[in-house]
Amino acid sequence: MAAITAKMVNDLRSKTGAGMMECKKALVEADGDFDNAIKVLREKGLGKADKKAGRIAAEGVVDVLTAGNTTAMIEVNAETDFVAKNETFKAFVKNILKVIVENKPATVEELKTLPYDADFASVELKLKDMIFTIGENMNIRRFVVVDGITSTYIHGGGMAGVIVKFDTTADVAAKDGFAEVAKNICLQIAAGTPPTYVSKEDVPASVLEEEKNILMAQIKNDEKNANKPDAIIAKMVEGRIGKFYEKACLNEQLYVKDDSLTIAKYLAAASKDLGGDIKINSFVLYEKGEGLEKREDDFADEIARLTGKA
């Protein structure tokens, strides 16, 4: 029987992302054959996928891909940051993006039915194979497809991602300087206060009315304003609505690289420099694990389990 070294176990773990104990057992069963060990990991995992489906998967990555005039962004989750940083996992995510760009599915469910590659008849089968091999629950959480002139930004190696779509001409977009301007808008969204809308005009009337009612209540509850007439309070509300716009609307935000400018004024100056209008059509911001329940690991418990002392 072949001797199983720590290096062999580490190499298999780096390749597959599977746990050390699983890798060692697979190598023993495969008599040290690396490729057969990978096959063993997959075969052993066949009965475990459903059990893993209920486990918390809030780590993972956000990634983007642009091909021609089509840009796609996706969030794929795993249970641990270790797996999220694994090259096999990252390649899996990138290949899913290629499937999205080529086929433009409408939903995650539709995406899972599409062919993954020559070896896997569907994305779902490849997803299950990844779960089998690595031994963690994984989930394709969401994706978006944007057609047109765009710029993208990935923050922190996949912690967050941004797509911004611009209304401009192909001639302007091809000029030196446009890519930098577009990237700066992406950075604004990722680095500053995340906006909700592009402009004031995009804020629904119902949202604006609710915000005014909240501000009105705050002002009236302040004893200093107890004797002020309604007309004055109404003017105070309008003044504070401006602060709401500065946070919620991208065009109204102060530019993070030059706070003497709003984003609208920055784009106006860039439009003049590049000889054509540049406006923000829309944007999408994904933050990894946003709104998901986080996994809490008890590492002492895990070590005890692995060493048989639990």
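Here the structure is a predicted model, which is why all the values come from computation and not from measurement.
- Of the possible polar contacts, none joining the K24 side chain to the I4 backbone as a donor-acceptor pair under 3.5 Å is found.
- Between the side chains of D167 and N281, a donor-acceptor pair is found at a separation under 3.5 Å.
- Between F166 and F178, the ring center distance clears the sub-6.0 Å criterion.
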Original post:
When you look at T169 and D171, which way does the side-chain hydrogen bond (donor to acceptor under 3.5 Å, both in side chains) test go after all the steps?
Top reply: CA-CA 5 Å; T169 65; D171 288 343; 5.2 Å; no
**OP:** Determine, stepwise, if the pair D81 / K85 fulfils salt bridge (charged side-chain N to carboxylate O under 4.0 Å, His left out).
**Re:** CA-CA 6 Å; D81 189 49; K85 293 178 179 178; 3.1 Å; yes
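- Between atom NZ of residue K165 and atom OG1 of residue T152 there is a gap of 15.0 Å, rounded to the nearest 0.5 Å.
- Side chain of E59 to backbone of A84: no donor-acceptor contact under 3.5 angstrom is found.
- For residues 180-219, no pair satisfies ring-ring contact (aromatic ring centres under 6.0 Å, His included), with sequence neighbours left out.
- Residue pairs meeting the ring-ring contact (aromatic ring centres under 6.0 Å, His included) criterion with at least one partner in residues 230-277, sequence neighbours excluded, are Y255-Y266.
- The line from NZ of K247 to CG of L254 is 12.0 Å long, rounded to the nearest 0.5 Å.
- Residues D33 and K39 form no side-chain contact, since every pair of their non-hydrogen atoms from C-beta on lies 4.5 Å or further apart.
- Relative ring orientation between F120 and Y116 is described as perpendicular, the plane-to-plane angle rising above 60° on a 0-90° scale split at 30° and 60°.
- Judged by distance alone, the side chain of N221 and the main-chain N or O of A217 form a donor-acceptor pair under 3.5 Å.
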Subject >> Stepwise side-chain hydrogen bond (donor to acceptor under 3.5 Å, both in side chains) check, Q253 with N251 >> reply: CA-CA 6 Å; Q253 288 187 346; N251 280 339; over 6 Å; no
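- Proximity of E209 to N213: side-chain heavy atoms (C-beta onward) are separated by under 4.5 Å at one or more points.
- Judged purely by atom type and a 3.5 angstrom limit, N103 has no side-chain atom pairing as donor or acceptor with the backbone of P105.
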